[in-house]
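Scroll down for the structure; my scribbles are underneath it.
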There are 2 protein chains.
Amino acid sequence: MEKYVKMLREKNLKVTPQRLIILKYLNEHSTHPATDKIYQDLKINNPSLSKTTVYNSLEILEKHGIIQSITISGLEHRYDFRHEMHHHFLCKKCGRIIDIDVVCPNLGKMLECGHNVEEVHGYFKGICKKCMNKEKIKDGS
Amino acid sequence: MEKYVKMLREKNLKVTPQRLIILKYLNEHSTHPATDKIYQDLKINNPSLSKTTVYNSLEILEKHGIIQSITISGLEHRYDFRHEMHHHFLCKKCGRIIDIDVVCPNLGKMLECGHNVEEVHGYFKGICKKCMNKEKIKDGS
DNA sequence: TACTAATTTGTAATAATTACAATTTGACAT
DNA sequence: ATGTCAAATTGTAATTATTACAAATTAGTA
């Protein structure tokens with residue numbers, strides 16, 4: 001838990017129990033949860049938690065680069081503890097969002113294009129390996 | 001207009017005036033408009049157009065790969081006539097979405113990862129060239 | 001321990017999208 | 001041309017994610 005305190009202090013953010021449990025939750029759940037999922041899960045042991053607080057906390061944590069917001073699905077924001085740069089794959093069948101560990105070789109070119117690039121998001125969509133295999137079994141092939 | 005008829009016929013989609021004007025609109029407006037923008041603009045000359053129709057049409061056109069849905073902003077879907085693969089840049093200051101003509105060199109690697117990749121989206125975010133220059137002028141530097 | 005600005009909370013409002021039932025229409029066969 | 005029917009369109013109502021806001025609380029500091 002001390003590690004989350006340090007992350008907040010480094011950005012001069014106030015250390016609140018709400019921010020700490022959200023950070024801890026995100027660090028321990030690499031499923032790229034949506035705001036409501038985070039809220040519902042944390043509310044069980046923190047009944048006084050407000051959903052607005054979850055929204056506020058996620059917003060400020062993202063603004064300071066501690067976490068990352070993923071818009072791959074188009075209908076909600078999904079969140080990710082930010083570590084090394086990686087991309088994401090959305091399975092159109094099961095809805096899972098899977099981490100893809102490739103770096104972006106376009107970054108170099110992007111830096112030359114005149115825009116000030118602060119974020120890079122690589123989204124792939126299709127059918128994941130697991131769902132592909134299920135299909136094969138159903139087909140009997 | 002005949003070109004749009006052909007695109008629909010090729011996918012065995014019914015040719016309706018609504019679909020045609022939406023396709024034409026998207027082809028002539030490379031600003032990556034949101035659903036409501038398309039609706040508001042087209043309604044002027046097509047007062048009987050329903051917003052649900054715009055939603056339905058965009059959905060079916062996207063499903064058939066004629067257009068592309070862009071989720072870079074996180075609060076709405078933006079649409080793009082699908083041509084060669086390219087990426088997008090969102091300016092956090094002016095909100096513009098700018099086409100970036102780089103291809104994705106990760107595609108090869110993605111094809112080997114076991115997932116069935118159907119879509120590739122590259123999103124960059126930051127401050128665009130134009131806004132950066134405005135900043136410089138304000139700073140007097 | 002007291003102060004102050006920032007945070008949290010709950011509720012109400014907004015915005016994008018979807019559900020749905022009734023009406024209309026495009027494509028095809030006669 | 002006309003009739004048929006599945007599919008598309010329309011309008012309204014519902015849903016879902018998110019934001020606005022004001023009152024109460026609290027973290028950090030003096």
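Within every chain, numbering begins at 1; the chains are lettered A, B, ... in the order of the sequence lines, protein sequences first and strands thereafter. Note that the coordinates shown come from a computational prediction; the quantities given were computed from them, not determined experimentally.
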Name the closest nucleotide to the [X] side chain, picking from [options].
X: B:Lys14; options: D:dA27, D:dT9, D:dA8; result: D:dA8
X: B:Ile60; options: C:dT17, D:dA8, D:dA27; result: D:dA8
X: B:Lys51; options: D:dT18, C:dT8, C:dT17; result: C:dT17
X: B:Leu49; options: D:dT10, C:dA16, C:dT7; result: D:dT10
X: A:Arg9; options: C:dT8, C:dT9, D:dG28; result: D:dG28

*Please determine, by modelled atom types, if B:Glu84 and B:His86 share a side-chain donor-acceptor pair under 3.5 angstrom.*
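B:Glu84 vs B:His86: no donor-acceptor pair found between side chains.
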Describe the nucleic acid contact of [X] in one word from base, sugar-phosphate, nothing, applying a heavy-atom distance below 4.0 Å.
X: A:Thr52; answer: base
X: B:Pro47; answer: nothing
X: B:Asp36; answer: nothing
X: B:Thr53; answer: base

Would you say a side-chain N or O of [X] is under 4.0 Å from OP1 or OP2 of [N]?
X: A:Ser48; N: C:dT9; value: yes
X: A:Gln18; N: C:dT9; value: yes
X: B:Thr35; N: C:dT17; value: yes

I need the [atom1]-[atom2] distance between [X] and [N], as an integer number of Å.
X: B:Leu8; N: C:dA27; atom1: CG; atom2: P; answer: 9 Å
X: A:Tyr55; N: C:dA15; atom1: OH; atom2: P; answer: 16 Å
X: A:Arg78; N: D:dT16; atom1: CZ; atom2: P; answer: 16 Å
X: B:His77; N: C:dA16; atom1: NE2; atom2: P; answer: 12 Å
X: A:Glu76; N: C:dT18; atom1: CD; atom2: C1'; answer: 15 Å
X: B:Asn46; N: D:dT10; atom1: CG; atom2: P; answer: 9 Å
X: A:His64; N: C:dT7; atom1: NE2; atom2: C1'; answer: 14 Å
X: A:Leu13; N: C:dT8; atom1: CG; atom2: P; answer: 10 Å

Single-linkage hydrophobic cluster, 4.5 Å side-chain cutoff, [X] and [Y] together:
X: B:Ile66; Y: B:Ile70; value: no
X: A:Leu13; Y: A:Tyr4; value: yes
X: B:Tyr79; Y: B:Tyr55; value: no

*asked:* Classify the ring geometry of A:Phe124 against A:His87: parallel below 30°, tilted from 30° to 60°, perpendicular beyond 60°.
replied: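 Ring orientation of A:Phe124 relative to A:His87: tilted.
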*Please tell me which of B:Asn56 and B:Leu75 maps to the more 5' nucleotide of DNA chain D, matching each residue to the nucleotide holding its nearest heavy atom.*
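The answer here is B:Asn56.
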*For B:Lys37, does the NZ atom have more than 12 heavy-atom neighbours from other residues, nucleotides or ligands under 6.0 Å away?*
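Count not over threshold, so no.
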